[in-house]
Amino acid sequence: MSADEHLDPIPDSFILQPPVFHPVVPYVTTIFGGLYAGKMVMLQGVVPLRARRFQVDFQCGCCLHPRPDIAFHFNPRLYTVKPHVICNTLQGGLWQKEVRWPGVALQRGASFLILFLFENEEVKVSVNGQHFLHYRYRLPLSRVDTLGIFGDILVKAVGFLNTNPFLLSSPRLEVPCSRTLPRGLWPGQVIVVRGLVLQEPKDFTLSLRDGATHVPVTLRASFTDRTLAWVSSWGRKKLISAPFLFYPQRFFEVLLLCQEGGLKLALNGQGLGATSLDQKALEQLRELRISGSVHLYCVHY
């Protein structure tokens with residue numbers, strides 16, 4: 001299977017969110033719908049010739065400070081005489097007792113395919129089609145909602161799959177959806193919007209409004225001409241020069257990171273630039289509104 005093409009022949013009903021190709025490491029993304037028994041994460045890539053170690057973390061959140069709990073830490077170490085994998089759990093900033101698995105089938109300069117299969121009591125890991133290890137959960141699987149990849153690794157593709165497509169049943173939010181922002185926005189705050197694009201979509205709009213009902217920030221996706229744009233309060237459109245990452249009948253995730261001077265945008269784990277807005281305007285925002293051709297599952301800030 002070529003990671004440069006797609007993840008077929010996996011049936012569409014088994015793909016839970018768009019696959020990600022050639023992400024830049026370190027790479028952190030939300031796992032749509034979180035983890036549950038029957039979900040699989042597939043990682044395809046190459047171990048660099050001078051690789052020492054890398055890690056794949058299944059995290060409980062994506063904040064930087066304090067460091068989020070890590071339910072499952074998968075850490076191949078290739079610099080020793082006998083390469084091995086360390087598995088562990090981080091809770092409350094403290095690592096628990098590590099488990100060491102020798103004989104990992106990962107070689108410097110070689111391609112690999114790692115599959116993480118999450119079951120009721122443990123996660124099973126296969127490397128290049130062979131079962132390698134199992135790790136019993138120390139934190140509830142339901143808390144995991146973020147994947148982090150770090151270290152010496154070249155990632156070609158990340159796929160999120162379901163052994164049974166009928167297991168996914170998240171409650172939907174009403175669309176249009178409105179949420180109040182009683183304190184406005186401040187640097188470091190992240191707005192997370194997750195949903196599913198309808199079969200025949202027309203548009204998607206996310207807007208931020210201030211107390212005077214002005215709309216200083218609007219993000220608009222048009223499925224007709226496959227464009228994504230920022231729209232100013234006076235209607236001026238600024239196209240975002242990036243691939244159109246919304247797909248009919250596929251999950252999506254919009255992240256807006258508030259920073260000094262504006263908002264940074266990421267869609268399905270891919271950074272798409274920023275829009276400028278001074279700190280006073282950010283603090284005066286009071287409403288988040290979402291509308292369009294989507295089923296909405298999560299709005300978090």
Checklist entry - So, do V158 and L147 sit near enough that their side-chain heavy atoms are less than 4.5 Å apart? => result yes

Checklist entry - Quick check: does any side chain N or O of S126 sit under 3.5 Å from a backbone N or O of Q130, one acting as donor and the other as acceptor? => result no

Next on the checklist: For the aromatic rings, using the six-membered ring if either is Trp, is the centroid distance between F150 and F54 under 6.0 Å?
Outcome noted: no

Next on the checklist: Tell me whether L133 shares a hydrophobic cluster with V99, the cluster being built from Ile, Leu, Val, Met, Phe, Trp, Tyr side chains joined at under 4.5 Å.
Outcome noted: yes

Checklist outcome for this item: When every non-hydrogen atom of G34 is compared with those of K39, the smallest separation belongs to O-NZ, 2.7 Å

Next on the checklist: Going by side chain to side chain donor-acceptor pair (under 3.5 Å), name the pairs with one or both residues in residues 50-63, residues two or more places apart or in two chains.
Outcome noted: R53-N75, Q55-D57, D57-H73

Next on the checklist: Show, in sequence, the C-alpha distance, side-chain angles and deciding distance for F74 and F58, and conclude whether the ring pair (Phe, Tyr, Trp, His ring centres under 6.0 Å) test is met.
Outcome noted: CA-CA 9 Å; F74 177 82; F58 292 90; 8.7 Å; no

Checklist entry - Do side-chain atoms of K124 reach the backbone of F132 as a donor and acceptor pair under 3.5 angstrom? => result no

Item to check | 4.5 Å side-chain heavy-atom contact, L228 and L265 | outcome: yes

Checklist entry - Are any of the side-chain heavy atoms of L206 and T218 separated by less than 4.5 Å? => result no

Item to check | Shortest non-hydrogen separation from R194 to L296 and the atoms involved | outcome: O-CD1, 3.6 Å

Checklist entry - Do C177 and R289 have side chains that get closer than 4.5 Å, going by heavy atoms? => result no

Next on the checklist: Is the ring pair F244/F246 parallel, tilted or perpendicular, if the boundaries are 30 and 60 degrees?
Outcome noted: tilted

Item to check | Residues L106, V127; criterion side chain to side chain contact (heavy atoms under 4.5 Å, CB included); working and verdict | outcome: CA-CA 8 Å; L106 293 170; V127 179; 3.9 Å; yes

Next on the checklist: Before you tell me yes or no, could you show the steps for L115 and V41 under side chain to side chain contact (heavy atoms under 4.5 Å, CB included), namely the whole-Å CA-CA distance, both residues' side-chain angles and the distance that decides it to 0.1 Å?
Outcome noted: CA-CA 6 Å; L115 183 63; V41 176; over 6 Å; no

Next on the checklist: Whether the side chain of D203 engages the backbone of R220 through a donor-acceptor N/O pair (distance < 3.5 Å, no angle test) should be reported.
Outcome noted: no

Next on the checklist: List the residues meeting side chain to side chain donor-acceptor pair (under 3.5 Å) with S293, not counting sequence neighbours, and say none if there are none.
Outcome noted: none

Checklist entry - Looking at E122 and R136, does any basic side-chain N land under 4.0 Å from a carboxylate oxygen? => result no

Next on the checklist: Pair I86, R77 - check side chain to side chain contact (heavy atoms under 4.5 Å, CB included), show working.
Outcome noted: CA-CA 8 Å; I86 295 294; R77 300 183 181 182; 3.6 Å; yes

Checklist entry - Short question: side chain of Y137, backbone of F118 - any donor-acceptor pair under 3.5 Å? => result no

Checklist entry - Does atom NE2 of H300 have more than 12 heavy-atom neighbours, drawn from other residues, nucleotides or ligands, at distances under 6.0 Å? => result no

Next on the checklist: What I want to check is whether the side chains of Y135 and T89 have a donor and an acceptor closer together than 3.5 Å.
Outcome noted: yes

Checklist entry - Yes or no on side chain to side chain contact (heavy atoms under 4.5 Å, CB included) for V254 and V192, after CA distance, side-chain angles and deciding distance? => result CA-CA 6 Å; V254 175; V192 182; over 6 Å; no

Checklist entry - Heavy-atom distance under 4.5 Å between the side chains of I240 and L219, does that happen here? => result yes

Checklist entry - Looking at A37 and L141, what are the two nearest heavy atoms and their distance? => result N-CD2, 3.8 Å

Checklist entry - If we only count heavy atoms from C-beta on, is the V47 to R108 side-chain gap below 4.5 Å? => result yes

Checklist entry - Mind checking whether H134 and W101 have side chains closer than 4.5 Å, heavy atoms only? => result yes

Checklist entry - Taking all atoms of both residues into account, what is the closest heavy-atom pair of L49 and G109, and its distance? => result CD2-CA, 3.6 Å

Item to check | Co-membership, hydrophobic cluster, residues I70 and F72, 4.5 Å side-chain | outcome: no

Next on the checklist: Test of understanding: clusters of I, L, V, M, F, W, Y form through side-chain heavy atoms closer than 4.5 Å, transitively. Do L277 and Y301 belong to the same one?
Outcome noted: yes

Next on the checklist: Run Q96 and Q91 through side chain to side chain donor-acceptor pair (under 3.5 Å) and show every step you take.
Outcome noted: CA-CA 7 Å; Q96 299 183 11; Q91 185 173 20; 3.1 Å; yes

Checklist entry - Is the side chain of T80 donor-acceptor paired with the backbone N or O of K82 at a distance under 3.5 Å, no angle test? => result yes

Next on the checklist: Just so I know, are the side chains of Q279 and P187 near enough to count as touching, which here means a heavy-atom distance under 4.5 Å?
Outcome noted: yes

Item to check | Distance-minimising heavy-atom pair for V294 and L198 | outcome: N-CG, 3.7 Å

Checklist entry - Nearest heavy-atom pair of P48 and V46: which atoms, and what distance? => result CD-O, 3.4 Å

